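To start, the structure under review is shown below, and the notes come after it.
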Amino acid sequence: MDTVVTNGIIVTSTETYEADIGVKDGKIAALGRGMQGAETLDAQGNYVIPGGIDIHTHFELPFMGTVAADDFETGSIAAACGGTTTFIDFAIQGEGESLHQALETWMERAKKAAIDYGLHVAIGDMTDEVMNVEMAEMVEQGITSFKVFMAYKGTFMVDDETLFKSLIKARELGALIMVHAENGDVLNYLINKHVAEGKKEPIWHARSHPPEAEAEAAGRAIILAGLAGAPIYIVHLSAAQALEKVKEARDKGQPVFAETCPQYLFFNIGHYELPLFEGAKYVMSPPLRDRGNEKSLWQGLVSGDLQVVATDHCPFNFVGQKDMGRDDFSKIPNGMPGVETRVPLIYHFGVNEGRFSVNRFVELVSTNPARIFGLAPQKGTISIGADADLVIFDPEKAVRLSVENLHMNVDHSPYDHITVRGYPILTMQRGKIIVKDGEFVGEVGAGQFLTRRRIEI
Ligand code: URP
Ligand code: ZN
Ligand code: ZN
């Protein structure tokens with residue numbers, strides 16, 4: 001073996017057991033005892049989990065007159081420090097652009113990635129060429145998921161015809177359509193109305209994005225997916241009413257998948273009324289919801305109606321970016337950081353607080369994302385033949401999630417007040433140590449582009 005990881009407790013989505021892990025040529029080559037390796041890594045009784053997989057990031061996203069503060073280098077390093085070894089970002093097709101052009105732009109940006117990555121392609125201009133030629137070419141290249149924005153009128157939003165055509169084609173190709181489910185026309189009307197009435201504080205962002213608009217769009221997307229006979233995946237689900245739509249469809253056996261994100265589990269609409277414009281830090285779409293929604297989302301993670309926790313990592317600095325909207329909430333760039341804090345937050349509040357098992361934690365942050373997005377069995381588990389993307393996770397290590405302790409390229413941490421117990425102490429990608437004792441020791445640009453399989457449902 002090249003490396004043997006000894007004395008760890010291996011945790012997968014289904015098992016917890018003590019064994020050593022033999023790594024050869026970047027892959028897991030053996031599980032058991034008594035292996036010889038050129039190098040030995042003592043896990044000292046800590047958990048060894050498969051590297052986290054965050055299928056929803058926006059590194060270097062040009063958005064609302066600025067650009068997300070983490071690029072592929074800083075964002076992927078931060079991800080690795082937080083126990084994530086794979087991410088999937090979005091190449092977004094602009095009007096008049098081909099999918100190939102969009103992909104080329106994002107592939108160039110992603111060259112700096114320090115961990116492995118894939119790309120979804122967001123369809124912004126559904127031409128005949130896109131539908132009849134390019135979507136198939138994307139799938140051939142290992143891009144097996146497409147995103148459709150039902151919101152952001154005037155920029156990313158597309159109409160129902162585009163959504164429906166995407167679903168029809170995806171079914172034929174074995175691809176997965178992901179939707180940002182909010183009714184963009186309703187939001188647009190409410191945003192303009194509130195601004196015109198002089199209601200410009202951050203709380204009006206939430207009041208312009210009611211949960212009904214999310215539930216309506218989720219329900220509509222689910223119905224259109226059913227009509228097309230295609231599976232569907234709802235990103236950043238925030239509202240209990242939208243979760244009800246997912247649950248209803250799943251109970252009938254429809255292949256509907258959904259993720260939530262940590263921000264919707266830990267914060268609520270009250271955060272928009274923090275003094276000194278602090279509420280701007282939490283302006284994102286969908287917005288934070290009334291108290292009580294968090295409870296429904298946790299319940300969805302427990303029951304299985306929600307299968308994935310991703311981040312929607314899209315950070316903007318408070319000074320110089322969020323404050324672009326100091327006088328008008330509609331100018332506050334939407335999004336918040338999270339790629340580094342996802343794994344420890346879900347462990348602490350999921351496992352330590354007794355909501356679910358350590359196996360379910362692994363399933364939500366690694367195994368299910370790999371399965372749903374065509375990365376299994378190479379990623380998302382600890383089994384022979386899988387990539388040796390391993391995280392040694394100390395269940396007792398306490399870390400305050402303050403800016404000083406984190407690596408994301410942003411001037412604040414929304415989780416500053418939280419100290420989690422349980423934290424990654426070593427991250428390995430394809431057998432190579434890339435983070436040790438909180439410091440990145442890998443290589444910028446060493447991340448590999450992952451071609452993904454078609455969805456199997
Ligand atoms: O506010 C958000 N979510 N910003 C990122 C773009 C998106 O909608 O995913
Ligand atoms: Zn979105
Ligand atoms: Zn997003």
Side-chain angles (χ1 to χ4, degrees), residues 54-71 75 79 87-94 102 106 117-124 145-158 163 177-184 187-188 191 202 204-206 208-209 211 213-214 217-218 221 232-239 242 258-265 267 269 271-272 279-289 308-318 321-322 324-325 329-339 342 369 373 408 410 414:
D54 186 352
I55 65 90
H56 190 159
T57 62
H58 298 285
F59 297 137
E60 222 174 312
L61 176 69
F63 191 38
M64 297 184 73
T66 185
V67 179
D70 263 314
D71 63 15
F87 67 90
I88 311 182
D89 207 282
F90 297 84
I92 302 180
Q93 179 202 22
W106 259 269
Y117 61 95
L119 288 169
H120 318 280
V121 170
I123 298 174
S145 45
F146 298 90
K147 167 92 168 275
V148 171
F149 285 93
M150 300 171 79
Y152 301 124
K153 194 166 172 137
T155 54
F156 301 152
M157 178 172 158
V158 294
L163 170 58
I177 299 299
M178 314 160 75
V179 285
H180 172 135
E182 285 187 290
N183 184 319
L187 308 188
N188 195 50
I191 292 166
W204 290 97
H205 170 74
S208 304
H209 292 69
E214 184 181 359
I232 193 158
Y233 181 97
I234 297 173
V235 299
H236 51 41
L237 189 144
S238 71
E259 74 184 20
T260 192
C261 307
Q263 51 271 32
Y264 302 117
L265 296 168
F267 306 127
I269 197 166
H271 285 74
Y272 293 119
K281 294 178 179 172
Y282 306 89
V283 167
M284 70 201 107
S285 297
L288 302 176
R289 301 300 187 189
V308 172
V309 179
T311 61
D312 192 17
H313 178 86
C314 191
F316 296 101
N317 286 310
F318 186 63
Q321 293 189 296
K322 288 286 185 183
M324 289 161 60
F329 75 84
S330 72
K331 296 193 168 62
I332 301 170
N334 285 201
M336 67 183 279
V339 78
R342 178 186 66 128
F373 288 92
M408 296 177 284
V410 59

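In this text the structure is predicted, and so the values were computed from the model without any measurement. By convention here, the first residue in the shown sequence is residue 1. Read the numbers this way: they start at 1 and go in the same order the structure lists the ligands and their atoms.
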>> If we ignore hydrogens and angles and just use 3.5 Å, is the side chain of W106 paired with the main-chain N or O of I92 as donor and acceptor?
In response: no
> With respect to atom 3 (N) of ligand 1, which of D312, V283, I332, L61 exhibits the smallest heavy-atom separation?
Replying inline: D312
> Which heavy atom of the protein is the closest neighbour of atom 4 (N) of ligand 1, given with residue, atom name and distance?
Replying inline: N334 O, 3.0 Å
>> Only heavy atoms of H180, strictly under 4.0 Å: list the atoms of ligand 1 that pass.
In response: 8 (O)
> Distance-only, no hydrogens or angles: does the N334 side chain make a donor-acceptor pair with backbone N or O of I332 under 3.5 Å?
Replying inline: yes
> Are the ring centres of Y152 and H180 closer than 6.0 Å?
Replying inline: yes
>> With carbon and hydrogen excluded and only N/O/S kept, which atom of D312 is nearest the Zn ion (ligand 3)?
In response: OD1
> Would a distance-only check, ignoring hydrogens and angles, find a side-chain to backbone donor-acceptor pair under 3.5 Å from K322 to P333?
Replying inline: yes
> Is it the side chain (CB and beyond), the backbone, both or neither of H236 that lies under 4.0 Å from ligand 1, heavy atoms counted?
Replying inline: side chain
>> Out of all atoms in ligand 1, which are within 4.0 Å of some heavy atom of S285? Include the element for each.
In response: 1 (O), 2 (C), 3 (N), 8 (O)
>> Any donor-acceptor pair under 3.5 Å linking the side-chain atoms of H313 with those of D54?
In response: no
>> With carbon and hydrogen excluded and only N/O/S kept, which atom of H180 is nearest the Zn ion (ligand 2)?
In response: ND1
> Under 6.0 Å between ring centres, would you say that holds for H205 and Y282?
Replying inline: no
>> At less than 4.0 angstrom from any non-hydrogen atom of M284, what atoms of ligand 1 do you find?
In response: 1 (O)
> Counting from 1, what ligand 1 atoms have a heavy atom of Y152 closer than 4.0 Å?
Replying inline: 1 (O), 2 (C), 3 (N), 4 (N), 6 (C), 7 (C), 8 (O)
> Taking the Zn ion (ligand 3) as the vertex, what is the angle from NE2 of H56 to NE2 of H58, given to 10 degrees?
Replying inline: 110°
>> Within ligand 1, which atoms have a heavy atom of H56 less than 4.0 Å away?
In response: 9 (O)
> Of all the atoms in ligand 1, which lie at a distance below 4.0 Å from a heavy atom belonging to C314?
Replying inline: 5 (C)
>> Between F329 and Y272, is the ring centroid distance below 6.0 Å?
In response: no
> Does the side chain of E259 pick up a donor-acceptor pair with the side chain of H56 at under 3.5 Å?
Replying inline: yes
